[in-house]
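Scroll down for the structure; my scribbles are underneath it.
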Amino acid sequence: MSLEEQKKEIESLGLKIEEKKKAKSEEKLLPPLPNAEIGKVVTRFAPNPDFVIHIGNARPAILSYEYAKMYNGKMILRFEDTDPRTKTPIKEAYDLIREDLKWLGVKPDEEYIQSLRLNIFYEIAKEMIKKGCAYVDKSGDESKKLLSNGMAPPNRNSSPEENMEEFEKMLGNYYKEGEAVLRIKTDVNHPNPSIRDWIAFRLIDTSAHPHPIVGDKYVLWPTYNFAVSVDDHLLGITHVLRGKEHELNTMKQEYIYKCMNWNMPNYIHFGRLKLEGFIMSKSYIRKIMSENPGNFLGYDDPRFGTISGLRRRGILPESIKEVILEVGIKIGDAKLSWTNLASVNRKKLDPIADRLMFVSKPVKVTVEQPSCIEAKIPLHPDKPERYRIIKVCNGDEIFIDENDLKLKKFRLMELANYEYKDGMLKFVSKGVQDARKEKLQIIHWVLAKDSKQMLIREPEGLQFKDYNGIVENYITNYNKNARLQFLRFGFIIIDNVNPLIGFLTHR
RNA sequence: GCCGCGGUAGUAUAGUCCGGUCCAGUAUGCGGGCCUCUCGAGCCCGUGACCCGGGUUCAAAUCCCGGCCGCGGCACCA
């Protein structure tokens, strides 16, 4: 069978599995959304493009997409890149996030980039100033102090006209960073100090901190809560699915909706999602990568909990989707166990991964047998029509795992039964029945003259456990990213073809 | 410290709103068996949980109060 045919085969198989799984996950429906009407639900996934996304971000992304689909609505991707200074967006991150979403099967209907919408935010800000809902505050830390004591900053009662003039000055580069902010009038006595007249716009010196998309074109930038409220409304978002770290933001945003007389979307806040044993934190990943350059393979290092890391490790997007749907929208935190993800993934991999033999602790032994034997070994136990033939003759050298050799007597899978004596592998009998009768262990093996060296790396926390082993030469029929099962070893993914390097996805 | 929110087996989740059908379902893990020329998959059996203490009630995982534990927020970050 040609490689092309094989691919088709796998695809057709993969599709079947997909269908099977779909039927299953349709049984497990997501709970209904409040106030949701078929055809009218609009959700959004709004990442900050300052890094790649991880499995925790995948939760709002997948749920937003799935709910939109469930209600025949639409889902919007919105890049929230309104801080060129402390959370500076990375130019490449926009595409990397798009790629990760595509891989996850999340297909947004529309896409927006907030840094390209600043004029819209300015217009809404002006409306709010006219309505007396916002004011320009030039008192810096003094205002902060006053507010924390429940008192009004000096400019709080300026007229809309005065504020408009000041706002234009902010826009016109009249003030420097830190000299003026636009505040939303809330309640200076609100029990939570951070809600008291929160800041909607601040000045950022973009000549010193250029934005990756708009450079130094703008100095006046909206804060998260302002930009989010305006865009959620303007883009017609009906349901916001986000982490519980935003609960307070929802309260802040309410003031905008009230002032503008807009209807608030429905909010669903869920808990934090962690993947046991994986690093997810952007800042920590960045830190260890810069502290140990050369020790990590990139943001897609299989030891990281990033989407690209899991992909590179060999996890299937359907597996991620399945566990995310399983976790659902509970407010409580969830620690996904790796065993669980691995088990879900294994079941999806099992029918599509070809089986090959790889000896992780190879010992070379010579066989002694009366004649040549041809082993016809299926590439997959369920598909006996796809196979390779390995011919073994007297005097050939074979690699066997050091632990298996201790068994002394065993069956080489699909070949024959042998006894290890005097440093030689002596032929005993051929039939598998004999092996069964004697309860011989069936072990894997690799014919030396038909083999390749391969490095398999098992991610273990921040380390790799490396296996410098020997694999069948047949592996050259597969490309980078091919997923295989090495018999009695585990599921692997080919990361590099020359030299041969793979990652152990899981056992 | 202050504000808010949670706590079902090792892990994840169903049930909690509208108390009885829950001596708590499912998946995974673990133990055993079957099947299989893999230590994978599949099939079967088993194991294992309502944070603690009070209260309300004929009846509480479900309602109320207190405690303990955990999480989130308290930015000119998102």
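Here is how names work: the chains are called A, B, and so on, in the same order as the sequence lines, proteins then strands, and each is numbered from 1. What you see below is based on every heavy atom in this structure, not just the backbone, and it leaves out hydrogens, waters and symmetry mates.
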Does the Asn163(A) side chain pair with the main chain of Val136(A), one donor and one acceptor, at a distance under 3.5 Å?
yes
How close or far is atom [atom2] of [N] from atom [atom1] of [X], stated in whole angstroms?
X	N	atom1	atom2	value
Trp198(A)	A75(B)	CH2	P	14 Å
Arg488(A)	U38(B)	CZ	C1'	7 Å
Leu341(A)	G29(B)	CG	P	13 Å
Phe486(A)	G40(B)	CZ	P	17 Å

From the options U38(B), U11(B), A41(B), select the nucleotide whose nearest atom is closest to the side chain of Met413(A).
U38(B)
Side chain of Gln441(A) only, heavy atoms from C-beta on: which candidate in C39(B), C74(B), A41(B) is closest?
C39(B)
Pick the [atom1] atom in [N] and in [M], then give their distance to the nearest Å.
N	M	atom1	result
C51(B)	G7(B)	C1'	7 Å
U28(B)	A9(B)	C1'	12 Å
G25(B)	G48(B)	P	12 Å
U21(B)	C43(B)	C1'	30 Å
U13(B)	A61(B)	C1'	15 Å
U36(B)	C30(B)	P	23 Å
G29(B)	C68(B)	P	38 Å
C63(B)	U8(B)	P	14 Å

Using a cut-off of 4.0 Å on non-hydrogen atoms, how would the nucleic acid contact of His246(A) be classed: base, sugar-phosphate, or nothing?
base
Hey, does Asn249(A) reach any base, or is it just sugar-phosphate, or nothing, if we go heavy atoms under 4.0 Å?
base
SB check Arg488(A) Asp401(A) (cutoff 4.0 Å):
no
Pair Arg202(A) + Asp83(A): basic N to acidic O under 4.0 Å:
yes
Pairing stems for RNA chain B [at least three consecutive pairs; Watson-Crick or G-U; under 3.5 angstrom]
B:1-7 with B:68-74, B:10-13 with B:25-28, B:29-34 with B:42-47, B:51-55 with B:63-67
Pair Lys252(A), Ile184(A) - check side-chain contact (heavy atoms from CB on, under 4.5 Å), show working.
CA-CA 9 Å; Lys252(A) 291 190 185 179; Ile184(A) 301 297; over 6 Å; no
Tell me which one of Trp221(A), Tyr218(A), Phe79(A) satisfies side-chain contact (heavy atoms from CB on, under 4.5 Å) with Ser115(A).
Trp221(A)
Whether the side chain of Arg411(A) and the base of C37(B) hold a donor-acceptor pair under 3.5 Å is what I'd like checked.
yes
Run the numbers on Asp197(A) and Tyr135(A) for side-chain hydrogen bond (donor to acceptor under 3.5 Å, both in side chains), then give the verdict.
CA-CA 9 Å; Asp197(A) 286 13; Tyr135(A) 63 97; 2.5 Å; yes
Specify the residue among Pro191(A) and Lys335(A) whose closest nucleotide of RNA chain B lies further upstream toward the 5′ end.
Pro191(A)
Partners meeting salt bridge (Lys or Arg N to Asp or Glu O under 4.0 Å) with Glu166(A) (sequence neighbours left out):
Lys138(A), Lys169(A)
